A.B. asks: 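Below: one structure in structure tokens.
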Amino acid sequence: LALESVGAHMGRGPWDADLDRIEKEYLEDGGEFLVGHLDGKIIAMGALKRTDSKWVEIKRMRVHPDFHRLGFGQLILRALEDRAEELGYSHLHLDTTVQQIAAQGLYDENGYKRSGSKKIGEFSVIVYEKEINA
């Protein structure tokens with residue numbers, strides 16, 4: 001729903017396989033997967049995926065459209081940054097589509113620097129990086 005609401009959903013496909021293997025893909029490989037819920041409804045999520053011993057990628061940042069602009073994205077992002085530091089990483093990276101204007105604002109406001117661009121399928125994507133104190 002979060003991706004559909006901003007026109008950035010590619011539909012179901014092999015790129016979603018990690019969601020069927022969260023423990024293996026994230027938790028058992030030096031990462032994290034957070035889910036925010038309210039009244040039994042999932043309203044936010046975000047993950048950390050280890051890239052190497054110093055770098056971790058922020059993935060799956062989503063907030064249900066009914067809960068946009070209420071600070072849930074900020075809460076998940078801060079929790080992921082804290083967890084990355086606890087796990088000993090010193091650098092974060094992520095990407096977001098050009099359609100996801102609110103996400104870009106969130107990352108800009110939290111000290112992420114735009115470090116490049118790429119294409120994922122039909123979407124133009126902005127790449128961000130941030131150094132943290134590990």
Side-chain angles (χ1 to χ4, degrees):
L1 288 174
L3 292 176
E4 287 174 1
S5 73
V6 294
H9 190 249
M10 295 192 313
R12 289 284 293 168
W15 46 85
D16 291 324
D18 64 312
L19 293 174
D20 296 323
R21 301 185 311 264
I22 290 172
E23 283 189 38
K24 182 174 176 46
E25 293 282 327
Y26 296 99
L27 305 178
E28 295 172 5
D29 193 34
E32 185 65 86
F33 199 100
L34 303 177
V35 177
H37 55 90
L38 182 65
D39 297 328
K41 181 178 186 178
I42 294 174
I43 61 167
M45 69 179 187
L48 295 174
K49 184 162 180 62
R50 183 178 61 84
T51 304
D52 66 27
S53 63
K54 294 182 181 181
W55 287 83
V56 66
E57 182 178 10
I58 294 179
K59 298 184 65 71
R60 298 290 178 186
M61 283 288 295
R62 308 281 189 272
V63 175
H64 189 287
D66 292 346
F67 297 91
H68 283 179
R69 315 279 313 152
L70 297 174
F72 293 107
Q74 180 65 54
L75 287 171
I76 293 284
L77 182 62
R78 183 75 242 157
L80 289 172
E81 290 177 344
D82 290 346
R83 184 67 177 135
E85 194 168 353
E86 289 171 7
L87 291 169
Y89 296 106
S90 58
H91 293 82
L92 301 161
H93 65 103
L94 60 92
D95 58 53
T96 192
T97 65
V98 297
Q99 290 93 328
Q100 293 171 276
I101 303 300
Q104 293 169 43
L106 176 67
Y107 303 133
D108 291 338
E109 291 168 9
N110 281 276
Y112 288 80
K113 303 297 180 208
R114 295 175 187 222
S115 61
S117 61
K118 60 184 179 180
K119 292 286 273 186
I120 297 178
E122 64 191 62
F123 296 104
S124 296
V125 173
I126 302 166
V127 179
Y128 289 86
E129 294 179 0
K130 181 178 180 178
E131 187 172 345
I132 58 174
N133 299 322

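Everything quoted here is computed from the prediction, not taken from an experiment.
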A.B. asks: If only atom types and distance count, is the side chain of Gln104 paired as donor or acceptor with the main-chain N or O of Val98 below 3.5 Å?
C.D. replies: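 The answer is yes, because a donor-acceptor pair under 3.5 Å joins these two groups.
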
A.B. asks: Rounded to the nearest 0.5 Å, how far does CZ of Phe33 lie from CD1 of Ile22?
C.D. replies: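 Taking CD1 in Ile22 and CZ in Phe33, the distance rounds to 4.0 Å.
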
A.B. asks: State, yes or no, whether a side-chain contact exists between Arg114 and Asp108 at a heavy-atom distance under 4.5 Å.
C.D. replies: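 Arg114 vs Asp108: side chains touch.
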
A.B. asks: Any chance you could measure Glu85, atom CD, to Ser90, atom OG, to the nearest 0.5 Å?
C.D. replies: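 Going from CD on Glu85 over to OG on Ser90, the span is 10.0 Å.
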
A.B. asks: When the ring planes of Tyr107 and Tyr112 are compared, do they come out parallel, tilted or perpendicular, using 30° and 60° as the limits?
C.D. replies: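 Tyr107 vs Tyr112 ring planes: perpendicular.
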
A.B. asks: Can you name the closest pair of heavy atoms from Val63 and His68 and give their distance?
C.D. replies: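 Smallest heavy-atom distance, with atoms named: O-NE2, 2.9 Å.
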
A.B. asks: Only counting residues at least two apart or in another chain, list the ones meeting salt bridge (charged side-chain N to carboxylate O under 4.0 Å, His left out) with Lys24.
C.D. replies: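 Partners of Lys24 by the salt bridge (charged side-chain N to carboxylate O under 4.0 Å, His left out) criterion come out as none, since no residue qualifies.
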
A.B. asks: Can you get from Leu106 to Tyr128 by hopping between Ile, Leu, Val, Met, Phe, Trp and Tyr side chains that sit under 4.5 Å apart?
C.D. replies: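 The answer is yes; both residues are in one hydrophobic cluster.
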
A.B. asks: Are Leu94 and Trp55 grouped together when hydrophobic residues (ILVMFWY) are joined by side-chain heavy atoms under 4.5 angstrom apart?
C.D. replies: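 Looking at the clustering, Trp55 is in a separate group from Leu94.
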
A.B. asks: Are the side chains of Asp66 and Lys41 in contact, using a 4.5 Å heavy-atom criterion?
C.D. replies: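 A side-chain contact under 4.5 Å exists here.
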
A.B. asks: Nearest 0.5 Å, what's the OH-CG distance between Tyr89 and Asp52?
C.D. replies: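 Output value for this atom pair is 8.5 Å.
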
A.B. asks: Judged by atom type as modelled, is there a donor-acceptor pair below 3.5 Å linking the side chain of Gln100 to the main-chain atoms of Thr97?
C.D. replies: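 Yes, the answer is positive, given that a donor and an acceptor are paired below the 3.5 Å cut-off.
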
A.B. asks: Counting N and O atoms only, with roles assigned by atom type, does the side chain of Lys130 sit under 3.5 Å from a partner on the main chain of Asn110, one being a donor and the other an acceptor?
C.D. replies: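 At least one qualifying donor-acceptor pair exists.
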
A.B. asks: Over all heavy atoms of both residues, which pair between Ala79 and Leu34 is shortest? Give the atoms and the distance, please.
C.D. replies: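 In this case the closest contact between Ala79 and Leu34 is CB-CD1, 3.6 Å.
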
A.B. asks: Please say which of Arg60, Lys49, Lys59 ends up in a side chain to side chain donor-acceptor pair (under 3.5 Å) with Asp18.
C.D. replies: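 Result for side chain to side chain donor-acceptor pair (under 3.5 Å) with Asp18: Arg60.
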
A.B. asks: Locate the shortest heavy-atom distance separating Ala103 from Thr96; write the atom from each residue and the value.
C.D. replies: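 Residues Ala103 and Thr96, closest heavy atoms: CB-OG1, 3.7 Å.
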
A.B. asks: For Leu48 and Ile58, what are the C-alpha separation, side-chain angles and deciding distance, and is it a side-chain contact (heavy atoms from CB on, under 4.5 Å)?
C.D. replies: CA-CA 5 Å; Leu48 295 174; Ile58 294 179; 3.9 Å; yes

A.B. asks: So, does His93 use its side chain to make a donor-acceptor pair with the main chain of Val127 at under 3.5 Å?
C.D. replies: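 No, His93 side chain to Val127 backbone: no donor-acceptor pair under 3.5 Å.
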
A.B. asks: Should the heavy atoms of other residues, nucleotides or ligands under 6.0 Å from CG of Leu38 be counted, would the total exceed 12?
C.D. replies: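 Atom CG in Leu38 is packed in, count exceeds 12.
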
A.B. asks: For a 4.5 angstrom cut-off between non-hydrogen side-chain atoms, does Leu27 reach Glu32?
C.D. replies: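 Side-chain contact under 4.5 Å: yes.
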
A.B. asks: To the nearest 0.5 Å, what is the distance between CG (Asp82) and CD1 (Ile132)?
C.D. replies: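 Here the interatomic distance stands at 8.5 Å.
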
A.B. asks: Show, in sequence, the C-alpha distance, side-chain angles and deciding distance for Glu57 and Asp95, and conclude whether the side-chain contact (heavy atoms from CB on, under 4.5 Å) test is met.
C.D. replies: CA-CA 9 Å; Glu57 182 178 10; Asp95 58 53; 4.0 Å; yes

A.B. asks: Minimum heavy-atom separation for Ala84 to Leu92, with atom names?
C.D. replies: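 Taking every non-hydrogen atom into account, CB-CD2, 3.7 Å.
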
A.B. asks: Nearest 0.5 Å, please: how far is CG in Leu77 from CD in Glu109?
C.D. replies: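 Going from the CD atom of Glu109 to the CG atom of Leu77 covers 10.5 Å.
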
A.B. asks: How close do Leu87 and Gly31 get, heavy atom to heavy atom, and via which atoms?
C.D. replies: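 Answer, listing the atom of Leu87 first, then Gly31: CD1-O, 3.9 Å.
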
A.B. asks: Taking all heavy atoms of Arg78 and all of Glu81, pick out the closest pair and write down the distance.
C.D. replies: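 Closest approach of Arg78 to Glu81: NH1-OE1, 2.9 Å.
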
A.B. asks: Can you confirm whether Glu86 is buried at CD, in the sense that more than 12 heavy atoms of other residues, nucleotides or ligands lie under 6.0 Å from that atom?
C.D. replies: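 Check passes, neighbour count above 12.
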
